[in-house]
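Labels below follow one simple rule: chain letters A, B, ... track the order of the sequence lines, proteins then strands, and each chain is numbered from 1.
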There are 2 protein chains.
Amino acid sequence: MANHLDSFFSAISDPTRRAVIERLVEGPAAVGELHAPHDIALPTFLKHIKVLEASGLVRTEKKGRVRVVHIEAAPLAEAEHWLTRQREVWEDRFDRLAALAERIERSQADDL
Amino acid sequence: MANHLDSFFSAISDPTRRAVIERLVEGPAAVGELHAPHDIALPTFLKHIKVLEASGLVRTEKKGRVRVVHIEAAPLAEAEHWLTRQREVWEDRFDRLAALAERIERSQADDL
DNA sequence: TGTTTACTTAGCCACATGGCTAACCATTTA
DNA sequence: TAAATGGTTAGCCATGTGGCTAAGTAAACA
């Protein structure tokens with residue numbers, strides 16, 4: 001079961017694509033506008049958009065000769081949840097270790 | 001400035017490596033133990049550990065002939081923050097759009 | 001000391017990725 | 001309708017990635 005976290009995390013592991021996402025949270029934009037700040041050829045840039053689209057992070061829509069790109073919030077939230085969950089488990093374990101350390105310390109004090 | 005978000009997100013875009021992280025939040029483990037549930041050759045698995053280590057997500061330490069792997073929480077938090085920030089900006093914009101829509105609706109009601 | 005155990009190194013392979021140029025198509029605009 | 005604009009397709013290339021086997025090293029154990 002190849003999770004879609006795979007394609008999501010892979011999609012945002014590229015700085016160009018992360019920059020596109022950072023722009024798109026501000027609102028939809030045309031391919032040309034998104035491309036402008038990046039110093040790479042248009043066809044190369046288009047590939048990045050296709051990767052984002054394939055990962056479900058983005059939808060696109062052709063209007064006349066312009067293609068407009070919108071962000072899709074759900075996958076962003078899903079990835080955030082995965083990370084949050086790992087942190088939570090890790091913090092839980094940390095708390096348990098701290099509690100354990102305290103118990104040991106106390107029982108050593110009893111030994112004196 | 002090649003961000004370390006690059007190597008971080010790339011590291012966790014692989015299901016084997018995410019599984020390793022999910023195991024490691026429960027506590028440190030030896031390479032052999034981490035490898036056991038995965039049906040791939042050990043050298044292949046070791047590469048994954050190296051990738052995790054290079055991304056800073058994990059530290060390893062040799063004890064006798066065993067190598068113990070620990071998780072490093074900071075990068076996890078950093079990535080989580082990036083995602084959270086994107087969601088926040090997106091939600092802000094959503095709120096502004098909703099407010100705008102309401103103003104428009106109200107002004108149309110005035111026209112009646 | 002010889003054997004097992006637990007990695008580790010080396011080296012090979014197929015396919016994916018990110019980059020390019022050249023040429024093409026479809027809508028505007030003049 | 002001719003020219004300009006905004007993407008799109010095709011195809012090439014170098015490098016990276018995830019997989020393997022075979023063989024090596026170093027610590028523990030018998």
K.L.:
Starting at atom NE2 of A:H48, determine the distance to atom C1' of C:dG19, rounded to an integer number of angstrom.
P.N.:
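Taking NE2 of A:H48 and C1' of C:dG19, I get 8 Å after rounding.
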K.L.:
Can you tell me how far C1' of D:dG7 sits from CZ of A:F45, to the nearest Å?
P.N.:
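Rounding to the nearest Å, CZ of A:F45 and C1' of D:dG7 are 12 Å apart.
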K.L.:
Is a donor from one side chain sitting under 3.5 angstrom from an acceptor on the other, for A:R17 and A:H48?
P.N.:
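Result is yes, a qualifying pair exists.
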K.L.:
B:W82 vs B:F9 aromatic rings, parallel, tilted or perpendicular, using cut-offs 30° and 60°?
P.N.:
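Aromatic pair B:W82/B:F9 classed perpendicular.
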K.L.:
Before accepting this row, confirm whether a basic side-chain N of the pair A:R85/B:E22 lies closer than 4.0 Å to the acidic partner's carboxylate O.
P.N.:
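No salt bridge links A:R85 with B:E22.
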K.L.:
Among the nucleotides C:dT8, D:dC12, D:dG18, which one has an atom lying closest to any side-chain atom of A:K47?
P.N.:
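Closest nucleotide among those given: D:dC12.
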K.L.:
Quick one: list whatever passes side-chain hydrogen bond (donor to acceptor under 3.5 Å, both in side chains) with A:T84, sequence neighbours left out.
P.N.:
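For A:T84, the residues satisfying side-chain hydrogen bond (donor to acceptor under 3.5 Å, both in side chains) (neighbours in sequence not counted) are B:E80.
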K.L.:
Over how many whole Å does the gap from B:D6 atom CG to D:dT17 atom C1' extend?
P.N.:
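Nearest whole value for this atom pair: 16 Å.
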K.L.:
Find the distance B:L46:CG to C:dG11:P and express it as a whole number of Å.
P.N.:
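The distance from CG of B:L46 to P of C:dG11 comes to 17 Å, rounded to the nearest Å.
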K.L.:
Expressed in angstrom and rounded to an integer, what is the separation of B:I12 atom CD1 from D:dT17 atom C1'?
P.N.:
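Rounded to whole Å, this separation is 17 Å.
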K.L.:
Could you pick out which residue, A:L42 or B:V31, lies toward the 5' side of DNA chain C when each is mapped onto its nearest nucleotide?
P.N.:
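Looking at the nearest nucleotide for each, B:V31 comes out on the 5' side.
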K.L.:
Expressed as a whole number of angstroms, how long is the span from A:I49:CD1 to C:dG19:P?
P.N.:
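A:I49 atom CD1 is separated from C:dG19 atom P by 13 Å.
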K.L.:
It should be established whether B:T44 places a side-chain nitrogen or oxygen under 4.0 Å from OP1 or OP2 of nucleotide D:dC20.
P.N.:
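Looking at the OP1 and OP2 atoms of D:dC20, one of them is under 4.0 Å from a side-chain N or O of B:T44.
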K.L.:
Heavy-atom count check: over 12 atoms from other residues, nucleotides or ligands less than 6.0 Å from A:D95 CG?
P.N.:
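Enclosed: over 12 neighbouring heavy atoms sit under 6.0 Å from CG of A:D95.
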K.L.:
Going by heavy atoms closer than 4.0 Å, what residues in residues 50-66 of chain A are next to DNA chain C?
P.N.:
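DNA chain C contact set from residues 50-66 of chain A: A:G64, A:R65.
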K.L.:
Less than 4.0 angstrom between a side-chain N/O of B:R67 and OP1 or OP2 of C:dA6, yes or no?
P.N.:
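No, outside the criterion.
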K.L.:
A quick test of your reading: do over 12 heavy atoms of other residues, nucleotides or ligands sit less than 6.0 Å from NZ of A:K63?
P.N.:
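Open.
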